[in-house]
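Worksheet: one structure, shown below.
Just so it is clear: chains get the letters A, B, ... in the order the sequence lines come, proteins before strands, and each one is counted from 1.
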2 protein chains.
Amino acid sequence: MTTALSTQPAFRRKSLHEELTDAIREQIVNGDLAAGIRVPEKDLCTFYGVSRTPLREALKVLATEGLLSLEPNRGAWVSRITTEDLDEVFPVMGALEALSGELACKHITDDEIGRIRVLHRQMVKHYEKRELAKYFEVNQRIHEAILEAARNETLAIQYRSLAARVRRARYVANMTQDRWAQATDEHEQIMECLETRDGERLSVVLKMHLEHKLETVRQWLIDNQSPSDA
Amino acid sequence: MTTALSTQPAFRRKSLHEELTDAIREQIVNGDLAAGIRVPEKDLCTFYGVSRTPLREALKVLATEGLLSLEPNRGAWVSRITTEDLDEVFPVMGALEALSGELACKHITDDEIGRIRVLHRQMVKHYEKRELAKYFEVNQRIHEAILEAARNETLAIQYRSLAARVRRARYVANMTQDRWAQATDEHEQIMECLETRDGERLSVVLKMHLEHKLETVRQWLIDNQSPSDA
DNA sequence: TCCGCCCAAACTGCATTCATAATTCATAAT
DNA sequence: ATTATGAATTATGAATGCAGTTTGGGCGGA
């Protein structure tokens with residue numbers, strides 16, 4: 001068969017439940033839906049203007065991702081983050097991020113390193129200007145770029161799933177000056193490892209980086225968790 | 001409130017979609033539903049005697065677990081395992097299992113070590129009698145016991161999810177005598193590490209153990225993948 | 001005032017129904 | 001004979017309806 005059209009990479013439009021999954025996930029991760037609150041199906045239905053069927057499918061998916069908890073006949077809650085959760089999730093993220101560093105050093109191209117270097121410089125500028133939100137955003141893009149360089153989609157999916165669960169806490173955790181300086185320094189080391197393609201060292205640095213981040217977030221959670229919402 | 005009964009761990013009966021999820025997952029993992037085949041909703045509905053609504057919810061969950069792939073308006077397929085998949089999944093499992101070894105050595109009790117040792121002896125006997133199926137079963141229970149000893153439910157869930165995806169291949173991959181001997185020897189080392197609580201070494205051994213297993217499964221897949229089902 | 005009971009309202013679980021897209025098969029044209 | 005076209009069939013996407021469970025409030029009794 002020969003036509004005027006070459007083969008397209010098969011663009012498939014998302015189905016409704018998938019769009020809902022993404023939208024609600026977004027709402028949870030960025031805090032629109034606060035941790036711990038009940039999520040009645042009807043409310044979301046009217047909000048999105050859809051029926052319950054695709055919505056319920058989305059809820060099931062988000063529950064397996066750990067962002068919601070479902071109880072039979074009792075509905076859905078936005079999962080609450082406890083310090084116990086953090087203590088569980090961060091080590092796993094550490095293991096995955098260490099692996100991503102190792103693999104990234106094997107596969108990363110000079111071009112990719114260059115782009116990450118650009119991001120890194122941006123991030124340092126945001127640090128110097130104490131622009132926390134922008135710092136976080138670029139920070140996340142750097143980690144995402146390393147994840148992509150690892151060339152392992154399974155790893156990326158697993159990591160992102162865990163990251164989403166703790167992101168709510170990570171965002172808001174405003175760091176002390178010391179901690180911020182330390183984090184920026186660690187990122188300097190991350191850049192060095194990438195440029196020398198020292199995977200072994202990078203995995204160690206990333207693991208430690210996350211351990212420190214855990215401490216920051218952990219402290220924030222202890223300080224800010226109102227005693228009432230247990 | 002004080003009654004004669006102490007609080008139970010919240011005895012909730014499963015809802016239909018959850019039971020379906022478990023049942024179909026089982027069907028996929030043990031090969032009842034072969035990799036690559038289409039899974040029409042109607043067929044499963046008549047098989048389980050349920051309507052499409054809860055079934056579809058189950059399919060969505062299994063898709064996020066990676067056991068099914070869904071295409072909008074085109075239905076569900078049992079995910080096919082490729083060598084590329086294995087090359088992605090095994091390193092991630094390796095990282096997770098290494099972590100589980102590390103954590104297990106920190107938290108494991110003497111009692112638990114004793115029980116794993118019993119399992120280990122059973123496994124060695126099955127090896128000596130060349131009882132592959134029984135060997136695999138006990139093998140899996142050992143790894144599961146280590147995972148439990150790690151005291152990290154998030155880690156366990158992630159690991160099991162990945163393990164389920166490749167289990168189909170792992171089961172059938174019959175090992176060479178050499179490979180089998182090597183695996184048994186590695187398990188001997190695993191026992192040593194647990195008994196001495198040498199988490200650092202255990203994580204290395206487990207990672208290597210999985211790397212070797214990848215080679216076995218990989219080879220099997222190459223040999224047995226009919227060229228037609230691409 | 002406090003506790004338990006009962007009933008109504010609200011919500012979830014599941015089945016059914018309608019709508020729409022994909023597939024199949026027969027037919028026609030080259 | 002092969003390919004393309006179009007109608008019929010089948011499967012999936014989404015909305016609606018009904019049954020069963022949970023929740024919350026009012027009422028009566030201790």
Quick one: closest heavy-atom pair of B:Leu210 and B:Glu97, and the distance? CD1-OE1, 3.4 Å
Non-hydrogen atoms of B:Lys207 and B:Gly94 that approach each other most closely: CG-O, 4.3 Å
Are there over 12 heavy-atom neighbours, none belonging to A:Arg141, within less than 6.0 Å of that residue's CZ? no
Those residues at least two apart in sequence (or on a different chain) that pass side-chain hydrogen bond (donor to acceptor under 3.5 Å, both in side chains) with B:His126 are B:Glu131
Dot-bracket, 5' to 3', for DNA chain C please: Watson-Crick or G-U pairs under 3.5 Å, [ ] where pairs cross earlier ones, | where the partner sits on another strand, dots elsewhere. ||||||||||||||||||||||||||||||
Check the angle between the aromatic planes of A:His143 and A:His187 and answer parallel, tilted or perpendicular using the 30° and 60° thresholds. perpendicular
How would nucleotides 11-17 of chain C be written as a contact map, 5' to 3', with B for base contact, S for sugar-phosphate-only contact and - for no contact, using protein heavy atoms under 4.0 Å? SBBSBBB
Before accepting this row, confirm whether a basic side-chain N of the pair [X]/[Y] lies closer than 4.0 Å to the acidic partner's carboxylate O.
X	Y	value
B:Arg160	B:Glu153	yes
A:Glu19	A:Lys14	no
A:Arg80	A:Asp85	no

How close or far is atom P of D:dA14 from atom CD of A:Glu18, stated in whole angstroms? 10 Å
